[in-house]
Amino acid sequence: MVEAIIETVVCSPAKGKDARLLRMLNTRQEFKRQKDGCLAAWYARSSDGESLLLVQSVFASRQDWVDISNSIVETLDSRDGGLESCLLGPPLVGVFTVDTDDLQLKLN
């Protein structure tokens with residue numbers, strides 16, 4: 001059994017920071033997708049009109065998750081200050097393990 005890591009973040013933008021947060025999320029998800037070890041990365045807006053965002057990434061291993069996350073801190077957060085200034089409050093973050101046999105991704 002080979003296990004992948006799914007990182008899930010649920011967050012809301014601070015008032016007036018919607019566009020900036022979406023740009024920053026887009027940059028981070030694209031950054032992840034370009035790294036070996038990231039199987040997929042995306043974000044989605046709430047379908048009920050609330051300013052709630054779901055951000056998910058799938059990594060080939062826990063070490064890939066750690067390495068890519070550290071790379072984001074070193075590369076992007078150091079340049080733009082990180083996402084925290086654009087968030088309404090602390091995000092809800094979860095990291096899950098999934099058997100890759102159960103994970104079916106349809107990539108371009």
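Note that these values count all heavy atoms, side chains included, but never hydrogens, waters or copies made by symmetry.
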*Give a yes or no on this: more than 12 heavy atoms of other residues, nucleotides or ligands lie within 6.0 Å of atom CG of Asp99.*
yes
*Are any of the side-chain heavy atoms of Leu21 and Leu53 separated by less than 4.5 Å?*
yes
*Do Arg62 and Thr97 come close enough that some side-chain heavy atom pair is under 4.5 Å?*
yes
*Distance from Lys32 atom NZ to Leu39 atom CG, nearest 0.5 Å?*
12.5 Å
*Could you grab the distance from atom OG of Ser61 to atom CD of Glu3, nearest 0.5 Å is fine?*
11.0 Å
_Can you tell me how far apart CD1 (Ile6) and OG (Ser57) are? Round to the nearest 0.5 Å._
10.0 Å
*Please check if any side-chain donor atom of Glu74 sits under 3.5 Å from a side-chain acceptor atom of Asn70, or the reverse.*
no
*Give, for atom CD1 of Ile68 and atom CD of Gln63, the distance between the pair rounded to the nearest 0.5 Å.*
10.5 Å
*Given the rule that I, L, V, M, F, W and Y join up when any side-chain heavy atoms are under 4.5 Å apart, are Leu87 and Tyr43 in one cluster?*
yes
*Minimum heavy-atom distance Ser46-Glu50, with the two atoms named*: CB-O, 3.5 Å
*So does Arg28 pair up with Asp77, basic N to acidic O under 4.0 Å?*
yes
*Quick one: closest heavy-atom pair of Lys17 and Cys86, and the distance?*
CB-O, 3.8 Å
*asked:* Please report the interatomic distance SG(Cys11) to CG(Leu54), rounded to the nearest 0.5 Å.
replied: 8.5 Å
_Main-chain N/O of Arg23 paired with Thr27 side-chain donor or acceptor, under 3.5 Å_ = yes
_Taking every non-hydrogen atom, the tightest pair across Gly82 and Asp80_ = N-OD1, 2.9 Å
*How close do Asp18 and Ser51 get, heavy atom to heavy atom, and via which atoms?*
OD2-CB, 4.4 Å
*Quick one: are Phe59 and Val66 in side-chain contact, heavy atoms under 4.5 Å?*
no
*Hey, could you give me the CG/CD distance between Leu22 and Gln29, rounded to the nearest 0.5 Å?*
11.5 Å
*If two hydrophobic side chains count as joined below 4.5 Å and joins carry through other members, does Ile72 share a cluster with Trp65?*
yes
*Are more than 12 heavy atoms from other residues, nucleotides or ligands located less than 6.0 Å from atom CZ of Arg45?*
no
